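A short write-up of the structure that comes next.
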Amino acid sequence: MYRSSTSTLTALLCLTGLITHVEAHGSHAKVDPWNDEYANTPDLSFSGVTSFAHLPHVKCLDKPEQAFDVALLGVPFDSAVSFRPGARFGPYALRSGSRRQRPERGYTSRLEVNPYTNGLYVLDCGDVPVTPFDPATAIKQVKAGYKSVLHHPIVNEEEMKRLHMQKGLDGEYHPRIIALGGDHTIVLPILDAVSEVYGPVSVIHFDAHIDTWNPNRYLGSVSLQADVNHGTFFWHAYESGFIKANSSIHAGIRTRFSGPQDLDDDVTAGFDLIHTFDIDDYGVEWIAEKIKARIGNGPVVISLDVDVMDPSIVPATGTPESGGWTSRELRRIIHSLVGLNIVAFDVVELSPAYDTQAEISAIAAADMVYDFLSILALGVDDQSAKKAEGRTVDEL
């Protein structure tokens with residue numbers, strides 16, 4: 001009698017819709033209305049887990065066999081800043097600012113390429129989980145994490161060959177990494193890791209500040225650890241031999257100096273300088289040509305501090321300076337760098353606590369990453385073809 005009453009109750013509940021999962025012939029009936037009607041609906045710009053541009057996401061440091069050609073790698077470190085902290089949240093903000101980007105709508109009419117589908121496999125590799133309590137250890141962690149990712153296997157060797165990308169000193173192709181900072185100090189361990197693969201590199205440095213300050217004269221350098229910060233790291237990179245002599249350049253500089261000796265040290269460290277006002281005097285094309293003439297054909301790292309842009313465009317940074325470039329001007333300059341032998345990129349000093357509610361800084365910074373990916377997808381100028389053209393002209 002008990003079993004009969006239970007069966008009757010179950011049947012009644014099913015008929016009224018109160019039970020949707022019942023036993024049928026000894027097995028459970030499948031109830032899946034979402035997949036019956038909306039299967040494989042893609043996430044929209046505002047839905048889903050936030051990776052950069054809705055790319056596949058893997059914690060690459062935990063999966064050393066994970067292959068990719070280009071990695072987005074967060075470096076949430078800001079323990080060596082001189083003014084406003086908060087860049088440890090930069091990787092989060094860059095991913096959030098990229099939400100309206102996606103591989104299915106990644107084509108740029110200006111450069112005529114979709115960097116997400118052009119042949120190089122792009123992956124969001126998560127973050128390097130650096131300690132916020134010990135800057136010296138954190139810098140070691142950044143190098144270890146970056147170096148590990150730099151030595152992951154690639155997916156498409158033929159595509160890298162077609163794009164004339166440079167092999168490392170070991171004769172192998174290595175992934176290209178776009179580091180999402182983090183304060184600018186992270187570039188010191190990045191240059192350390194990159195120079196081990198390619199030898200000393202040139203640097204294109206977009207910034208309001210030179211970051212080559214000699215720590216012997218840098219205010220606040222009260223210890224050996226304090227000497228390593230986001231204003232001195234390029235000096236340390238020069239002293240360590242990570243940077244190729246007399247082949248690097250700053251663009252967008254407009255900070256104040258202690259005196260001419262700061263600029264003398266900058267030349268010693270191997271940098272030329274483009275002032276922010278040069279864009280008014282000479283224009284974008286002149287700036288682009290000066291950068292390319294300085295860099296030449298060797299391996300180059302592009303390092304972009306978001307404070308190169310005016311604080312009316314990007315307020316969310318730790319050391320804002322008035323009179324900077326607009327995002328449009330900066331993007332035009334970046335577009336002009338197609339063909340350079342770029343082996344690494346970084347975007348740093350984005351501190352979202354100082355952004356507007358509309359995330360204007362994060363969106364602008366994420367668009368710079370998109371432009372980096374685009375010029376990377378267009379490859380390196382074929383120097384062998386240029387030499388052949390030169391010989392043909394000479395023979396005539």
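On a predicted model such as this, the values are computed, not experimentally measured, just so you know.
Taking 4.5 Å as the limit, every side-chain heavy atom of Thr268 sits out of range of all side-chain heavy atoms of Asn214. Looking at Pro135 and Val228, their side chains never come closer than 4.5 Å, going by heavy atoms from C-beta outward. Here the side chains of Val197 and His151 are in contact, with some heavy-atom distance below 4.5 Å. The closest side-chain heavy-atom distance from Lys59 to Gln66 is not below 4.5 Å. You'll find the side chain of Val203 reaches within 4.5 Å of the side chain of Leu191, heavy atoms only. The shortest side-chain heavy-atom distance between His205 and Ile210 does not fall under the 4.5 Å cut-off. Contact check for His250 versus Thr212: side-chain heavy atoms found under the 4.5 Å cut-off. You'll find the side chain of Ile302 reaches within 4.5 Å of the side chain of Phe372, heavy atoms only.
In this structure, Arg294 contributes its side chain and Ser248 its backbone to a donor-acceptor pair below 3.5 Å. In terms of modelled atom types and a separation under 3.5 Å, the side chain of Trp325 and the main chain of Thr276 share a donor-acceptor contact. Side chain of Arg84 to backbone of Thr317: a donor-acceptor contact under 3.5 angstrom is found. Remark: side-chain polar atoms of Ser195 are paired, donor with acceptor, to backbone N or O of Asp192 under 3.5 angstrom. Panel note: side chain Ser148, backbone Leu61; no donor-acceptor pair is recorded below 3.5 Å. Checked by atom type and distance alone, the side chain of Asp134 pairs as donor or acceptor with a backbone atom of Ala136 at under 3.5 Å. Remark: the backbone N or O of Pro299 is not paired with any side-chain donor or acceptor of Lys244 at under 3.5 angstrom. Between the side chain of Ser47 and the backbone N or O of Asp43 there is no donor-acceptor pair closer than 3.5 Å. With Asp305 contributing its side chain and Asp207 its backbone, the two residues share no donor-acceptor pair below 3.5 Å.
Side-chain N/O atoms of Thr185 and Asn229 include no donor and acceptor closer than 3.5 Å. Using modelled atom types, one finds no donor on one side chain facing an acceptor on the other under 3.5 Å when comparing His209 with Asp211. Under 3.5 Å, the side chains of His164 and Asp381 contain no donor-acceptor pair of N or O atoms.
Residue Trp213 is tested with Asp262, Thr232, Asp266 for a side-chain hydrogen bond (donor to acceptor under 3.5 Å, both in side chains); the sole match is Asp262.
Under a 4.0 Å N-O distance rule, the pair Glu159/Arg162 qualifies as a salt bridge. Salt-bridge annotation for Lys161 and Glu158: absent, with no side-chain N of the basic residue lying under 4.0 Å from a carboxylate O of the acidic one. For the pair Glu359 and Arg99, the salt-bridge criterion is met [side-chain N within less than 4.0 Å of a carboxylate O].
Taking CG of Leu376 as the start and CZ of Phe345 as the end, the distance is 5.0 Å to the nearest 0.5 Å. One finds the CD atom of Glu349 at 5.5 Å from the NE2 atom of His230 (value rounded to the nearest 0.5 Å). Note that SG of Cys125 and CG of Leu180 are 10.5 Å apart. Values are rounded to the nearest 0.5 Å. A distance of 8.0 Å separates OG of Ser303 from CD1 of Ile186, quoted to the nearest 0.5 Å.
By the rule that hydrophobic residues join a cluster once side-chain heavy atoms approach within less than 4.5 Å of another member, Phe52 and Met368 end up as members of one cluster. Hydrophobic clustering of Ile, Leu, Val, Met, Phe, Trp and Tyr side chains at less than 4.5 Å, counting indirect connections, unites Tyr146 with Phe234. Note on Val300 and Leu337: same hydrophobic cluster, where clusters join Ile, Leu, Val, Met, Phe, Trp and Tyr whose side-chain heavy atoms are under 4.5 Å apart, directly or indirectly.
Residue pairs meeting the side chain to side chain donor-acceptor pair (under 3.5 Å) criterion with at least one member in residues 108-126, sequence neighbours excluded: Arg95-Asp124, Gln101-Tyr116, Asn114-Thr117.
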TODO: Could you walk me through whether Ile279 and Val284 pass the side chain to side chain contact (heavy atoms under 4.5 Å, CB included) test, one step at a time?
DONE: CA-CA 6 Å; Ile279 200 166; Val284 168; 3.9 Å; yes
TODO: For the pair Arg332 and Glu329, evaluate salt bridge (charged side-chain N to carboxylate O under 4.0 Å, His left out) and give the outcome as yes or no after the intermediate values.
DONE: CA-CA 5 Å; Arg332 288 192 64 196; Glu329 291 167 337; over 6 Å; no
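By the 4.5 Å side-chain criterion applied to Ile, Leu, Val, Met, Phe, Trp and Tyr, Phe46 is assigned to a cluster that also includes Leu44.
Val113 and Pro115 get closest at one heavy-atom pair: O-CD, 3.7 Å.
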